[in-house]
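Structure first, commentary second.
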Protein chains: 2
Amino acid sequence: MKFYTNKMLSNSSKYALKAVMYLALHTEENNKMMVKDISERINVPKAYIAKLLQELAKRKIISSAKGPKGGFYSSPSNKNRTIMEVIEVIDGKKKMESCVLGLEDCNEQHPCPIHSLIGPLKSKMIDLLDSKTINDLAQDLALNKVFLPI
Amino acid sequence: MKFYTNKMLSNSSKYALKAVMYLALHTEENNKMMVKDISERINVPKAYIAKLLQELAKRKIISSAKGPKGGFYSSPSNKNRTIMEVIEVIDGKKKMESCVLGLEDCNEQHPCPIHSLIGPLKSKMIDLLDSKTINDLAQDLALNKVFLPI
DNA sequence: AAAAAAACATGATATTAATCATATAAAGGA
DNA sequence: TCCTTTATATGATTAATATCATGTTTTTTT
Ligand code: FES
Ligand code: FES
């Protein structure tokens, strides 16, 4: 059977997360960064990341300024947004929440076999993404506990 | 931003899982079931599920017989295959294993921020799917602990 | 005020996954 | 043996996602 590249997150939200992390670590209001540079640093095609950055800015996940000396950056309030919010802006709401088998009437009270198996783990995953802020992850990065691969 | 229907499993493997479960519960060597009927019972388009069933049979996740009185069924040895094997036949190997951010050099020793967050949960998920057999789930279904939504 | 530098908006193209269709081969029954 | 019935193999079409491209607006600098 043919090879699939299935995944939990869309490419778009992966890229968005990388960009958001990068901006949280390396920018602030008076130290902005242009699309071109962001693109190079995080290793995502310029035209592609540009579109995502614009959407993220519109939804206040990051900040932006037009014109010369303009660019994107991460403000303190931006950094309080959660990881899940980043994902939702790009992938849309029900992404993570949808059931594994995607059956309408599958839930805690009426679980399909897979649901009862991995449902609890998935809930935990969602809770984590819901509670962790961009700032939380940036802290981990700053402490070199983790790395931002490019 | 436009609406995505992102997911952990491809539609194909969801359908395959439903079919496999159904066959495990309702068929045996001398009680086969034809594509047409399977399609109706599990509520998946005939031409679509047919292709998947053929692949599953080729890979011995289920069994099949041609000609009149033929059809698909689940043998005892079929039922010993794991859930992960079903997924792998359809979605290909690295499906589940691939990192969330999909970075080449992200691993336990060199984790990206997301990895350290949900990596452990994902590992558990994979372990579960690796250890649970079709038969295990069929048991749960037989005991009415869970349901097979259609 | 004009020019340049940036993000913003919008749309086009390409690739991948999902779905459908049809001709071929094997098995059983008349 | 020949016809019918079923799975099998293979390919075509459609829809979704990922990627790229380009004109418009806003802001700064001269
Ligand atoms: S369809 Fe929800 S995991 Fe069961
Ligand atoms: S890229 Fe693996 S989760 Fe980090």
Side-chain angles (χ1 to χ4, degrees), chain A residues 1-16 18-19 23 27 29-39 42-73 87 90-92 95 98 102, chain B residues 1-16 18-19 23 27 29-39 42-73 87 90-92 95 98 102:
Chain A
M1 175 134 287
K2 118 174 137 75
F3 178 78
Y4 285 98
T5 50
N6 213 350
K7 56 220 155 192
M8 304 179 63
L9 260 49
S10 69
N11 271 9
S12 292
S13 46
K14 287 178 187 182
Y15 293 165
K18 277 212 279 187
L23 291 174
T27 66
E29 180 155 13
N30 44 40
N31 182 25
K32 309 185 186 69
M33 188 174 263
M34 301 189 301
V35 169
K36 182 172 172 300
D37 295 318
I38 298 171
S39 155
I42 68 175
N43 204 32
V44 174
K46 179 166 173 287
Y48 195 172
I49 196 65
K51 207 174 193 172
L52 297 175
L53 288 168
Q54 286 167 25
E55 189 69 25
L56 291 166
K58 190 193 293 179
R59 300 284 297 271
K60 315 268 198 229
I61 304 283
I62 59 179
S63 303
S64 66
K66 286 182 179 179
K69 292 284 176 187
F72 294 93
Y73 64 97
I87 295 173
I90 305 298
D91 281 350
K95 207 218 115 4
S98 76
Chain B
M1 174 136 285
K2 118 176 137 78
F3 179 78
Y4 286 97
T5 49
N6 214 347
K7 54 220 156 193
M8 305 179 62
L9 261 49
S10 69
N11 272 7
S12 292
S13 46
K14 288 178 187 180
Y15 293 166
K18 277 212 279 186
L23 291 174
T27 65
E29 182 156 11
N30 44 40
N31 182 25
K32 309 185 184 71
M33 189 175 261
M34 301 190 300
V35 169
K36 183 174 171 298
D37 295 318
I38 298 171
S39 155
I42 68 175
N43 205 28
V44 175
K46 181 166 172 284
Y48 194 172
I49 197 65
K51 205 173 195 174
L52 297 175
L53 288 168
Q54 288 166 24
E55 190 69 25
L56 291 166
K58 190 194 292 177
R59 301 285 296 274
K60 315 270 197 226
I61 304 283
I62 58 178
S63 303
S64 65
K66 286 183 180 176
K69 292 286 173 187
F72 294 92
Y73 64 97
I87 295 172
I90 304 299
D91 281 349
K95 204 218 116 0
S98 78

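Chain identifiers are assigned alphabetically (A, B, ...) following the order of the sequence lines, protein sequences preceding nucleic acid strands; residue numbering begins at 1 within each chain.
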What is the distance from [atom1] of [X] to [atom2] of [N], rounded to the nearest Å?
X	N	atom1	atom2	answer
A/K46	C/dA7	NZ	P	8 Å
B/Y48	D/dA12	OH	P	19 Å
B/Y15	C/dA18	OH	P	9 Å
A/L52	D/dT17	CG	C1'	12 Å
A/I90	D/dT19	CD1	P	13 Å
A/N31	C/dA6	CG	P	14 Å
B/N11	D/dT14	CG	C1'	14 Å

Apply side chain to side chain contact (heavy atoms under 4.5 Å, CB included) to A/K36 and list each qualifying residue two or more places apart in sequence or on a separate chain.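 Scan of A/K36 (side chain to side chain contact (heavy atoms under 4.5 Å, CB included), adjacent residues dropped) gives A/E40, A/K46.
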Walk along nucleotides 4-10 of chain D from 5' to 3' and tag each nucleotide B, S or - by protein heavy-atom contact under 4.0 Å, base first, then sugar-phosphate. BBBSBBB
With distance as the sole test, does B/S39 use its side chain to make a donor-acceptor pair with the main-chain N or O of B/V44 at under 3.5 Å?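 Yes.
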Is the backbone N or O of A/A57 less than 3.5 Å from a side-chain atom of A/K60, with the two atoms forming a donor-acceptor pair by type?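 A pair under 3.5 Å: no.
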A/I90 CD1 to A/R59 CZ distance, which is reported to the nearest 0.5 Å: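 Going from the CD1 atom of A/I90 to the CZ atom of A/R59 covers 8.5 Å.
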